[in-house]
Amino acid sequence: MELKAARALAGKTTREAAKAMGLSVASLNRSETAKRISPIRDIAGLLALYGVIGADRDRILDLAENLDAREWLETGDRLPRLIAPLVGFEAQAQSLAEFAPAYIPGLLQTPAYVRAIMALATTTDDQGREERIAARLERQKILTKRVSPTYLAIIDEAVLRRSFGGPEVMVQQLHWLIGRAALPHITIQVIPFKHGGYKNPGPYVLFGFRSEPPIVYVENHGVSGFLHTSVNIDKFQGVTATLARHALGAADTVNFLTRMVADYERS
């Protein structure tokens, strides 16, 4: 993905790049679609050809040198490195299953709810905050494409009870969830307080692809990243099934959300 994006930014076709590197077009295409593991010297040469230097060059070479890692985790100020691949995987996914124990899932947030969350990021200036808001809303378009992934969102009731931005923002957000739940490829399930306790795995997204193995994105304040081993995939597929059993069904969830709207309107 990084190589393809760098080539496009440099304004070069695969034929032009392959010829300059002494590669076949097929080999370069396989590198860009992850069907071929390129030698580091090829990747370094391509980056030079595309004019990629400095921190971006180091980042991509670091990825290339760690292709056999059991997971891809980042910490601290390296966390922003995950945004581009996360967006790319969302765009390629055939199915998404997300668990949200703290916030409304990003793909379902209204602009006002996003702003209320972003206001907590004291280290971001106004321009940076607006750019992040626009980027998050842009990501949501994957759910309204002509061919969209199926999307399952499992949300803890605590997320809905915790007011971000005040009652008006929450009423708007809940109405938005009800509208999204009416779409045939989107399922929203709420785990209500009345169902008691359950094992909370923390926020995650399980990605399913048409012709590639699944991956899991896990998120924490200090460390986030992707898991892809079969052991981890099996674990999170089992976790998703268990959480869905704890949750209300799709129709009952819509009724529950409707009652919550009334609660917020009374407040």
Flag side-chain contact, heavy atom, 4.5 Å: L120 against F164: yes
Separation between CE of M1 and CG of L63, rounded to the nearest 0.5 Å: 10.5 Å
Validation row: Q140, L137 side chains within 4.5 angstrom (heavy atoms): yes
Atom pair CD1/CD1 of I43 and I60 - distance to nearest 0.5 Å: 9.0 Å
Heavy-atom donor-acceptor pair, E74 side chain to V223 backbone, under 3.5 Å: no
Spacing of CD belonging to Q173 relative to OG1 belonging to T110, to within rounding of 0.5 Å: 4.0 Å
Side chains of F207 and P149 in contact at under 4.5 Å (non-hydrogen atoms): no
Polar side-chain atom of T33 near backbone of N29 as donor-acceptor pair, under 3.5 Å: yes
Nearest non-hydrogen partners of Y50 and A6, listed with the distance: CD1-CB, 3.7 Å
Rounded distance (nearest 0.5 Å) linking atom CD of E219 with atom CG of L82: 9.0 Å
ILVMFWY cluster, L49 and L47 together (side-chain gap under 4.5 Å): yes
Exercise: identify the closest heavy-atom pair between A91 and I142: CA-CG2, 4.2 Å
Inter- and intrachain pairs under salt bridge (Lys or Arg N to Asp or Glu O under 4.0 Å), touching residues 154-173, at least two apart: E157-R161, R161-D263
4.5 Å side-chain heavy-atom contact, M118 and E130: no
ILVMFWY network linking Y264 to F193, side-chain heavy atoms under 4.5 angstrom: no
Summary of salt bridge (Lys or Arg N to Asp or Glu O under 4.0 Å) pairs that have at least one residue in residues 37-48, sequence neighbours excluded: R36-D42
Just distance, no hydrogens or angles: give the donor-acceptor pairs under 3.5 Å from side chains in residues 92-104, sequence neighbours left out.
from	atom 1	to	atom 2	distance (Å)
E98	OE1	Y151	OH	2.7

Whether F226 and Y217 hold their rings parallel, tilted or perpendicular, with breakpoints at 30° and 60°: tilted
Connected hydrophobic set around I83, excluding itself, where side chains approach under 4.5 Å: V87
Acceptor/donor pairs from residues 175-184 side chains to any protein atom, 3.5 angstrom cut, sequence neighbours excluded:
none

Under 4.5 Å side-chain linkage, directly or through intermediates, the cluster mates of L9: none
Nearest non-hydrogen partners of I154 and A244, listed with the distance: CD1-N, 3.8 Å
Residue pairs involving residues 51-61 (criterion salt bridge (Lys or Arg N to Asp or Glu O under 4.0 Å); sequence neighbours excluded): E2-R59, D56-R59
If you look only at distance, which donor and acceptor atoms sit under 3.5 Å apart when one is on a side chain in residues 11-22 and the other is two or more places apart or in another chain?
from	atom 1	to	atom 2	distance (Å)
T13	OG1	E16	N	3.1
E16	OE1	T13	N	3.0

K199 atom NZ, neighbour heavy-atom count above 12 within 6.0 Å: no
H228 side chain vs P213 backbone, donor-acceptor pair below 3.5 Å: no
Salt bridge (Lys or Arg N to Asp or Glu O under 4.0 Å) contacts touching residues 84-96 (sequence neighbours left out): E90-R139
Check: L108 and L143 side chains under 4.5 Å, non-hydrogen atoms: yes
Interatomic spacing from CG in L46 to CG in L23 - rounded to 0.5 Å: 6.5 Å
Side chain to side chain, V216 and V218, heavy atoms closer than 4.5 Å: yes
Verdict with reasoning, Q109 to I117, per side chain to side chain contact (heavy atoms under 4.5 Å, CB included): CA-CA 10 Å; Q109 293 173 359; I117 291 178; 3.7 Å; yes
Any residue meeting side chain to side chain contact (heavy atoms under 4.5 Å, CB included) with A84, in chain and number order, not counting sequence neighbours: none
Please set out all donor-acceptor pairs under 3.5 angstrom arising from side-chain atoms of residues 250-258, sequence neighbours excluded.
from	atom 1	to	atom 2	distance (Å)
T253	OG1	V190	N	3.1
T253	OG1	L248	O	3.4
T253	OG1	G249	O	2.9
T258	OG1	V254	O	2.8

Sequence neighbours excluded - side-chain hydrogen bond (donor to acceptor under 3.5 Å, both in side chains) pairs with any residue from residues 229-246: Y204-T240, T229-N232, T242-R245
Heavy-atom closest contact (P80 atom, G76 atom, distance): CD-O, 4.4 Å
Taking every non-hydrogen atom, the tightest pair across S163 and M170: OG-CG, 3.6 Å
ILVMFWY network linking I40 to V52, side-chain heavy atoms under 4.5 angstrom: yes
Shortest non-hydrogen contact from P105 toward I155: CD-CD1, 3.8 Å
L206 vs I215 side-chain heavy atoms within contact, under 4.5 Å: no
Same apolar cluster: L160 and I191, side chain cutoff 4.5 Å: no
Approximate separation, where rounding is to 0.5 Å, of H185 NE2 and T150 OG1: 9.0 Å
Hydrophobic cluster identity match, F236 and L86, side-chain contacts under 4.5 Å: no
